[in-house]
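Structure, as structure tokens:
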Amino acid sequence: MKKEESKISKIKDRVAKLLEKDVSVFIAYERMPFELKDRLTIISSPKEVDKISVSPFMVGSPARMLLEIGGIDDGKIGIIARACDTRAIKQLIKEGKIKRERVYIMGITCGGMVNTRKLRSPRFENGRLYDHDREVHMKDVLYDTCSRCEDPLPVLYDEVFDVFDVFEGVSKADESTEEIEGDREKRWSYWMGEMEKCIRCYACRSACPMCYCTECLVDPINLAVSPFTSAEEKASYPRFLGKTISAEDNLFYHIIRVLHHAGRCADCGECERACPMDIPIRELERKMREVVRDVFGYDDDEIPFLAKLDMIPEGR
Amino acid sequence: MFVYEGEFIKTLAEKLISEDYRVYVPDSRSFIEYEKAKDIPKGKTRKSIKEFLLPQNEVLIRYGKWIEEVPLDREKRALIGVNPCDAKAVTLLDKIYLEGLMDPYYQTRRENTLIVSRNCEPNNYCFCESFGLTPFSTEGSDIFLIEKGERTYIIPVTSRGEKILSSIDGLMNTDVDESSIIVQHNFSRKVNPDIQDELRKKFDDEMWKRISLNCISCGTCTFLCPTCFCFDMLDEGEKEGFRYRAWDSCQFPLYTLESSSHNPRREKWQRLRNRFYDKFLYTVESKGEIFCVGCGRCIEFCPGGIDITEILAEVEK
Amino acid sequence: MISAQSIQNPYLPFKAEIIDIKQEVKGARAIKTFKVKVVDGERFDYQPGQGCLVSVFGRGESWFTIANSPTRPDLEFSVLKTGKVTTKLHELNVGDVVGLRGPHGRPFPVDDWRGMNILTVGGGIGQTPLRSVYQYIIDNYNDYGDLTIVYGARTSRDLVYKDELIDLINQGYSVHLSIDIPEESWEYFVGYVPDNLRRLKPNPENTVAIICGPPIMISISLKVLKDLGFKEEQVYTTLERRMKCGIGKCGRCRIESKYVCRDGPVFRYDELSGLLEKT
């Protein structure tokens, strides 16, 4: 669409401007050379802004990339963020992992990302999506996260670009699925059936912006050690999970992970997108979010108790 | 070559079941039991057939007062509808597990598994052609099926396949010219397999740090890859229990962590670089084979956007 | 040389009973030497430099180079307490049973070295594989030339096999000990092992050198030897990596195209010069 193209070139100009003096690097997306997908990239000079791509095919969480490069530079980091990414960044700031002053958030409105796994041979021309030669309505092939997005507008930003139109009828956030609310026996057999398929590749954990622990509770072997860790300490690390791949152990892993996201999950859907076996992990996270909101009355703007204490180390 | 009019897979599956084989056919994610399958899609499965020869978890021994041997898995299995790339990958795995000290668990499964491949429909991620394979390659299979409209052409590849076929009715000999049934496919992705010298030169290049930006160090590429074979051995149970092996990934951050806390591949770019060098250089040096069959699963399912064809093209620049 | 059981299923350990435990080093980095005897009449023939995987069921397995020569009775290996398996090993007593898998690995080519002089350079716990070599040389003294043992550790309390080495000095063997930090009543050299080596100026003619120890000691000692005229074909070392299966299947111990459990742990330096990855 001409409108979108001109918007994207405005974004590129703006990024180039920011890189001149306000920020030292910018996290954005670039089109992959052989397929219809945009992956994360780091722009460090105004000359590189031409490769920026903003489209419904962006994959990867910029908030996770922010944490990864946060320790390297001292300067300010610019970042393109959709609504869910801004929720993740907000949470990371709350947890003290990154300082607000270090990030320049360029929010963009988002209409949802297309799940290219549902298409065999996708082509995107003039704002229309084709699979082989048949036109496909983008609304029908969005990720489940996106078609049930709670709030498609950025919650935290330094400026906002209105890029995509939000699709109508897209927000079905209140609709609970059979898998989560239905009959108990059916729920159990449904989830155990899904957990049979899990191969414990840890893609969900690695893609999640909130899973930043260097010592993950479910990594079974040796946790982070240093030359000063004593032998007794290494010998007595608790082993919650081995590498046994059974439906029960996989469920254990996923439930521990989801519980550790209580009140923290940004609902970005990276976990489900990353999963190579198409397991609907996000359903568990959504239920967690519901419980936290409805049962505990926790609001996204509240600061969690522990973050108020001085024990949290200084953010980068 | 034989030809069969009608749905051969059904006939073959029923024959094998009657001979006490457990028959597996593909569904979109992996191979499932024939009885449970509703239809048999033509594309690649997500998980390769490696799990039937090298299961993700395998109990090696049990221990308590002393050790108990675990009986070897002698179940007869037949995998129908395997892609040529996966079948070739099995021959590569044989080079690791059957050469040198032989691995009895793998060997027993291998002997009792019948591989029936079928011509596949490549997608945009495939690049098997770069390694001399085509959608019609028979290497590694026992029987090869070419489905053409209402009939199926059947090629017995090994003597085991021949024996099975000899007991099936309705097979007719045919001397049809192969070139009339083979269809060429235009692969959009390519890789240069003679890349060893370039790799040697580019080891300390800065490109690895830049390329690994998108990698998230999960294990997806290694677990879905039909030729990756690394495993970990763990003991489960303090006083009594079992020792098992489980798939491991060289991309996990703690893969090379030593007890002294020294980690030779601590950084993500070192691990990513190691994967390419392992498959395209080190295995060529030690076994004479490239450990990649061009199935493209690592590209299709990488959550971060790492593309092996792109990276190898950059190595050559 | 692999026993019949190993050929059938190389993942099955033999039963081995601990018949002696010697505390070599006390403290945070404790080292104990275990002497085990294989039970059930299984034979365990090995050559100097090979190792075995010791199983402590419930914890796991660890690779140890066999610390005594095949010309001596039973099997010895020295364990540094550093992690899960080794901590449990240190808690075991005489009479306890462990599992043993092996022997694995490429041994030192002691047959090729007949008639040559042997120089061993060890540091810290790296002396373990060297001990199986020098014991073998001592027991086959007529087949070899001069034997020189250079060994050092941080302090005298960190020296392994100290009594045995002092015994050899008293018997007239050419053994040169050193410690890094000066101590009272230490009669021998004070300084790093490479410095001791430089001081001794070993002659490279018809000599084979083996260096084992911490990485930095190995690289400096190698340089010292090269300055003295040793060629890379004359120097051997042992490499180590995290090991799991020990038989060349799991792929973990690979250094590029070589499996440390199968093509090593003994390597000659010219075989390593083509390596891209710095170990």
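Any value given below was found using the heavy atoms of this structure, including those in side chains, with hydrogens, waters and symmetry copies removed. Residue numbers start from 1 in every chain, and the chains themselves are labelled A, B, ... in the order their sequence lines are given, proteins ahead of strands.
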Need one label for [X]: side chain, backbone, both or neither, based on atoms under 4.5 Å from any heavy atom in chain C.
X: Asp278(B); answer: side chain
X: Tyr105(B); answer: side chain
X: Phe231(B); answer: both
X: Gln270(B); answer: neither
X: Leu54(B); answer: neither
X: Lys239(B); answer: neither
X: Ser261(B); answer: neither
X: Ile61(B); answer: side chain
X: Tyr97(B); answer: both

Quiz item: What about Trp208(B) and Phe203(B), are their ring centers closer than 6.0 Å?
Solution: no
Quiz prompt | Best-contacting candidate, Phe242(B), Tyr106(B), Tyr277(B), Tyr255(B), against chain C by heavy atom pairs under 4.5 angstrom | solution = Tyr255(B)
Quiz item: Of all of Gly100(B), Gly241(B), Pro104(B), which one pairs up most often with chain C through heavy atoms under 4.5 Å apart?
Solution: Pro104(B)
Charged N to carboxylate O under 4.0 angstrom, [X] versus [Y]?
X: Glu206(B); Y: Arg210(B); answer: yes
X: Asp197(B); Y: Arg200(B); answer: yes
X: Glu258(B); Y: Arg242(C); answer: no
X: Glu61(C); Y: Arg243(B); answer: yes

Quiz item: Of the listed residues (Glu240(C), Arg59(C), Lys15(C), Lys258(C)), which shares the most heavy-atom pairs with chain B below a 4.5 Å separation?
Solution: Lys15(C)
Quiz item: Given the options Gly83(C), Cys253(C), Ser62(C), Ser55(C), which has more heavy-atom pairs under 4.5 Å with chain B than any of the others?
Solution: Ser55(C)
Self-check item: Cation-pi, Phe52(B) ring and Arg109(B) (6.0 angstrom, 45 degrees)
Solution: no
Quiz item: Would you call Thr222(B) and Trp247(B) a side-chain contact if the rule is heavy atoms closer than 4.5 Å?
Solution: no
Practice problem: Please examine the side chains of Val191(B) and Phe280(B), heavy atoms only from C-beta on, and report whether any two atoms are closer than 4.5 Å. | Solution: yes
Quiz item: Using the ring of each side chain (for Trp, its six-membered ring), is Phe77(C) parallel, tilted or perpendicular to Phe64(C), with breaks at 30° and 60°?
Solution: parallel
Quiz item: Checking Val56(C) against chain B: side chain, backbone, both or neither under 4.5 Å from a heavy atom?
Solution: backbone
Quiz item: What part of Arg254(C) gets closer than 4.5 Å to chain B, counting heavy atoms only: side chain, backbone, both or neither?
Solution: both
Quiz item: How many angstroms lie between CG in Leu98(B) and OG1 in Thr91(B), if you round to the nearest 0.5 Å?
Solution: 11.0 Å
